[in-house]
Amino acid sequence: MKDQVKEAVAGVEKIMGKKFADAENPLLFSVRSGARVSMPGMMDTVLNLGLNDETVKALAKASGSERFAYDSYRRFLQMFSDVVLGADLDLYEEALENMKKSKGYKSDTDLTAEDLKELVKEYKEIGQKLGKVVPQDPWDQLWAGIGAVFGSWMVDRAITYRKLNNIPGDWGTAVNVQTMVFGNAGDDCATGVCFSRDPATGENVYYGEYLVNAQGEDVVAGIRTPQPMASKGDGTSLEEKWPHLYKELVDVRNNLEAHYKDMQDMEFTIEHGKLWMLQCRNGKRTAQAAVRMAVEMVEEGLLNKEEAIMRVGADQLDQLLHPMLDPKAPKKVIATGLPASPGAAVGRAVFNAEDAEAWAAKGEKVILIRNETSPEDIGGMHASQGVITARGGMTSHAAVVARGMGTPCVSGSHDIVISYKDKTMTTKSGVVVKEGDWVSLDGGKGQIIEGQVPTVKADTNTGNFGKLMSWVDEIRTIEVRANAETPKDAQQARDFGAQGIGLARTEHMFFDADRIPDMRAMILSDNEEGRRAALARLLPYQKQDFKDLFKIMEGMPVVIRLLDPPLHEFLPHTDAEMQDLANKMGMTLQQVKNRADALHEANPMLGHRGCRLPITYPEICEMQTRAILEAAIECADNGIKVLPEIEVPLTGSKKELDIVKDIIDRTAEKVFAEKGKKVKYEVGSMIELPRAALKADELAKSAEFFGFGTNDLTQTTLGMSRDDTGAILDEYRARGVYVADPFASIDVEGVGALVKMACEKARSSNPNIWLGVCGEHGGDPASIDFFQTCGMNYVSCSPFRVPVARLAAAQAAVRHKNDAGCSCKKAC
Amino acid sequence: MTKWVYTFGNGKAEGDASMRNLLGGKGANLAEMNKVGLPVPPGFTVTTEVCTYYYNNNHT
C-alpha cells in the first residue's frame, strides 16, 4: 500500500511540477474521508498537509506572503492536532483568542505574520505538553492522516450513525488525498459552495455562495457572510465580479447536471484567478424540491419517467403528507426524543387516555403525554393531535401506532420526567408543563416545544406531486391497499390513492363505549345461548361498520379479518371496573373474577386467538359473517358495488381453514336464502405462522387469497416478541446479527425465505390465488422491494403510508424490471 | 497484487463514478469529474478495501 501511495504521489508531483516534502517547491495535500454514502461523524478534513518548519518558508516565498504561509501552517497544526492526534481543540482556540486579546485585535484577519509565527510556536508547546506532537516529516504526517481516517470509521458517532441508517460496518471508508489549492492566498482567490438547482424549492436556478480570500471552512463556519453567485444587481455577486469565472462555473454546472442527470452539490476554489472543482455529489434536498426537480427534469428531457420516480426517496414523501410547524415562527425546544412519527402537532397537555378523549370530546386539541402507551390507550391516541412518551424506541407501541394513525409522535424522550399524580411533565432544564398547558411537537425532528407554534398545511395537491404520482401508478405492478377499519381512516386511505382495504381489524370495533358492555356480556356468558343473545345485540353495530367501509371503498376489495385477539383482552382489569361490570351483569365480583381467571393465559400471543376462536365459538364468526354479507347485500341494493373478502387469522393447517370456511359458507347460504339475494365474497387465510408458510400449497387449495401478516410471522419465526426485544435488538444490531430492525424492515434471509417459499407453493397448487402483505412491512420501502421479487399482488399499510408504498412499489418495479426467473405469473 | 490506490488528475483517472463501493462517493466523483474534463486538483484515493484490511489486521 505504501509503495502504491508513493508512486501516486510521484505522479501528482509530475503533474504539478512540485515535490512533496521538498524545502524549495513543496507540494501540499488535503486529506479527507469518503465512504460509499455520506457519513456525518466521520473524520473531517486535514488541509495543508506537508507543511513543516522548512516547507512553510518555501510557501511564503512562492506565495509572496509570509502571513498567508504561517496562517496556513498554524491552521494545519490545529487541524492535525485535533482530528489526527485527538488533542483538545479548545486549548488551541484559547491560544488564538489570547493572542488576539493581548494585541487588541477583533478579527483573525488582523493577525500579522509575526503574530502567526508566535502562535505556531505556542501551538507546538501545547503539543509537547499534551504529548501530541505533530510530526515534522511530511511522510509521517501523510501516514498518520490516512490512518486517522480509517480510525474514525469506528468512533462512536460513526457507529451510531450507521446503526440509525442501516449501513453495514464492513463497508469501510476510502481516503482522498488531493493537491491543495488555496482560496485564501489573496484577493484574486475565493472559495464557494453551490447547487445546480435550489435544494429547498427545487427551482431551476443556480444557487450558491462564495467568499473572497477564504478557505472552505470559513463558508461553513459562518464567521463572514458569503456573497451570492448569481447577480442581484448590487455588484457583490461572482457573476458581476468575475464574469468569465462565473461563465466557467455555469458551464461546469450544465456539464455535471447533464452528466449525472441529477442536481449537483459542488465545492470550488478560485486560486489566483483559476477555477478548481474540489467536489461534486448529488445534492441533498427537501421532499418538495425532490418532487419538483424530478418532474421538471422529465419535462426538460433530461430524465424519463422511470428515472424520475427513482429520484424521490420513498421515506422522504412522508414529509409532504403532514402539516409542518411554521418554519418562520420562533420556537423554544424544551426537550428532545426520537423522531417516531413525522409531522407537527399542537395541543394542550393531558396525561392519560381517558382525559385525552374527554378533552377532545369538548372540542379541545390535546397532546397525550405518557411514559409509554399500551393497547388501552388507542382511543386516547386517536383523540390526540400528537403523542409524547418518555420511554420506548422507534418500534415501541406508541411509535408504531402513531405512525399507523399518521399522528405525530416523539417517543423515548429521556429529557422529561412525568408525574401521573400531579399531571405534570418536567424537563431536564426545569420547565414544568402542567395539564392544560399548550405544547407543540415536531415528530420529524423529535422535538418538544413550549407553547403554541403555528402550523402550515403541507401542499400535497400541487401539479408536480400529482404528476409524479400518476407516473408512479403507471409504472408499478403491485397494488397498494390500506389497513383501515374506521370511516375516517378509510376515507384518508382512498384520498391517498389506496386501491382497497387490505386489512380491517374487527376487534377495534368492539372497544367503543356503547358496544363493549355487550362484548363483555358475550364473554362472561358460560353458555352458547347467552353468547348468541349478546352477539345479536352487536350485529347491527357490526353491520353498520361494514356498510360505512363498503360505501367509502365502493368498487374496491375490502379484506375483513375475523376477530383475532384472545377474549380476555376485552375484560376490565381493575377491581372497581370489574365490580361495575358485575353489577350490570347481575353477577358477583367473584364470578367476574373467576371467568377472567379462566380466560387468563400465560402467553396470550400464542393462546386462544385467531382461527381458534371460531373453531370453539362458531357463533362469533357466524355473527361477523352475517354482518358482512347483510351489509354487502344492502349496499348492493343501493347500487354500491362491494367486494368483501373474509380473512381467517392465525391458521396453520388446511383443516383449520376448512372448519372456519365451512362456518362462513353455511352462514352465507342462510343469509342469501333469507334475503333472496346473493353477493360475491371470497375467503382467504392470513399467513402468520411458519407452519402456514410450510403448508401453503395445502392451504391455497381452500383459499382465494393470502394475507401475509408479517408482524406476527416475524415474531413467530424469530421466536421474539416485538414488545420485549428492544434491548436485545440493539445489541444484535450492534453485533451485526440483524442489520435492520426485523420488525421495521423484513428479515429477507429468514422470514423473507418463508414468505417467498409460501408464495411459490401457493401458486403451484392454486395459480389464481391473490397474494398480499399487511402490517408494518407493507409500508416499508425496503420490504416492498423484496415483496416485488416474491411476485406479491398487493401490499397493505396504514393510510398515511399509502403514497410512500405506491412510490416504493414503482421503484421496486423499475429495479426488478429485468429480473430473470421471477416466480410470479401475475404481477410482473 | 491488489490495487489499493487509484490516481486522478490532468483529465485522467483510474476510477470512475461507478466505483463508489471501492473509492467512496467522494473519490468516485473526483475521478468522474476528471474524466469529464473539469479542472480538479490532482491526487489519489486509498480504497475502502484498505480500511477493511486495516480492521482485520489489528490496525496496521
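Within every chain, numbering begins at 1; the chains are lettered A, B, ... in the order of the sequence lines, protein sequences first and strands thereafter.
When the candidates A:Gly172, A:Ala8, A:Gly11, A:Cys280 are compared by the number of heavy-atom contacts under 4.5 Å with chain B, A:Cys280 comes out ahead. Across B:Gly43, B:Gly24, B:Pro42, the residue that shares the most heavy-atom pairs under 4.5 angstrom with chain A is B:Pro42. In terms of non-hydrogen atom pairs under 4.5 Å with chain B, the most contact-rich of A:Ile15, A:Val5, A:Leu275 is A:Ile15.
The two residues A:Cys189 and A:Gly183 come nearest to each other via the heavy atoms CB-O, 3.2 Å. Looking at every heavy atom in both residues, A:Pro138 comes nearest to A:Gly50 through CG-O, 3.7 Å.
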Do A:Val193 and A:Phe268 pass the side-chain contact (heavy atoms from CB on, under 4.5 Å) test, and can you show the C-alpha distance, the side-chain angles, and the key distance before you say yes or no? CA-CA 6 Å; A:Val193 178; A:Phe268 65 90; over 6 Å; no

Checking B:Leu23 against B:Phe8 for the side-chain contact (heavy atoms from CB on, under 4.5 Å) test, could you report, in this order, the C-alpha distance in whole Å, the side-chain angles of both residues, the deciding distance, and whether it holds? CA-CA 12 Å; B:Leu23 303 181; B:Phe8 54 85; over 6 Å; no

Would A:Phe20 and A:Leu142 satisfy side-chain contact (heavy atoms from CB on, under 4.5 Å), going step by step from the backbone distance to the final call? CA-CA 10 Å; A:Phe20 187 56; A:Leu142 183 57; 4.2 Å; yes

Checking side-chain contact (heavy atoms from CB on, under 4.5 Å) for the pair A:Phe29/A:Leu47: CA distance, chi angles, key distance, verdict? CA-CA 7 Å; A:Phe29 285 126; A:Leu47 300 176; over 6 Å; no

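A:Met16 touches chain B through its side chain: at least one heavy atom from C-beta onward sits under 4.5 Å away, while N, CA, C and O do not. Residue A:Leu256 touches chain B through its side chain alone, counting heavy-atom pairs closer than 4.5 Å. Only the side chain of A:Val181 comes within contact range of chain B, with at least one heavy atom under 4.5 Å from a heavy atom of that chain. Using a 4.5 Å cut-off between heavy atoms, B:Leu30 touches chain A through its side chain atoms alone. Both the backbone and the side chain of A:Leu278 come within less than 4.5 Å of a heavy atom in chain B.
Take A:Phe195 and apply the ring-ring contact (aromatic ring centres under 6.0 Å, His included) test, not counting sequence neighbours, and it matches no residue.
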Can you pull out all donor-acceptor pairs below 3.5 Å that join chain B and chain A?
unit_1: B:Thr2; atom_1: O; unit_2: A:Gln4; atom_2: NE2; d: 2.8
unit_1: B:Trp4; atom_1: N; unit_2: A:Gln4; atom_2: OE1; d: 2.6
unit_1: B:Val5; atom_1: N; unit_2: A:Gln4; atom_2: OE1; d: 3.0
unit_1: B:Arg20; atom_1: NE; unit_2: A:Arg36; atom_2: O; d: 2.8
unit_1: B:Arg20; atom_1: NH2; unit_2: A:Arg36; atom_2: O; d: 3.3
unit_1: B:Asn21; atom_1: OD1; unit_2: A:Arg36; atom_2: NE; d: 3.2
unit_1: B:Gly25; atom_1: N; unit_2: A:Ala35; atom_2: O; d: 2.8
unit_1: B:Asn29; atom_1: OD1; unit_2: A:Tyr260; atom_2: OH; d: 2.7
unit_1: B:Asn29; atom_1: ND2; unit_2: A:Cys280; atom_2: O; d: 2.9
unit_1: B:Glu32; atom_1: OE2; unit_2: A:His259; atom_2: NE2; d: 2.4
unit_1: B:Pro39; atom_1: O; unit_2: A:Met277; atom_2: N; d: 2.7
unit_1: B:Pro41; atom_1: O; unit_2: A:Gln178; atom_2: NE2; d: 3.2
unit_1: B:Pro42; atom_1: O; unit_2: A:Thr179; atom_2: N; d: 2.8
unit_1: B:Pro42; atom_1: O; unit_2: A:Thr179; atom_2: OG1; d: 2.7
unit_1: B:Phe44; atom_1: N; unit_2: A:Val177; atom_2: O; d: 2.7
unit_1: B:Phe44; atom_1: O; unit_2: A:Val177; atom_2: N; d: 2.8
unit_1: B:Thr45; atom_1: OG1; unit_2: A:Asn176; atom_2: OD1; d: 2.8
unit_1: B:Val46; atom_1: N; unit_2: A:Val175; atom_2: O; d: 2.7
unit_1: B:Val46; atom_1: O; unit_2: A:Val175; atom_2: N; d: 2.9
unit_1: B:Tyr55; atom_1: OH; unit_2: A:Phe150; atom_2: O; d: 2.6
unit_1: B:Tyr55; atom_1: OH; unit_2: A:Gly151; atom_2: O; d: 3.2

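Inter-residue side-chain proximity for A:Val9 and B:Phe44 is flagged as met; some heavy-atom pair is nearer than 4.5 Å.
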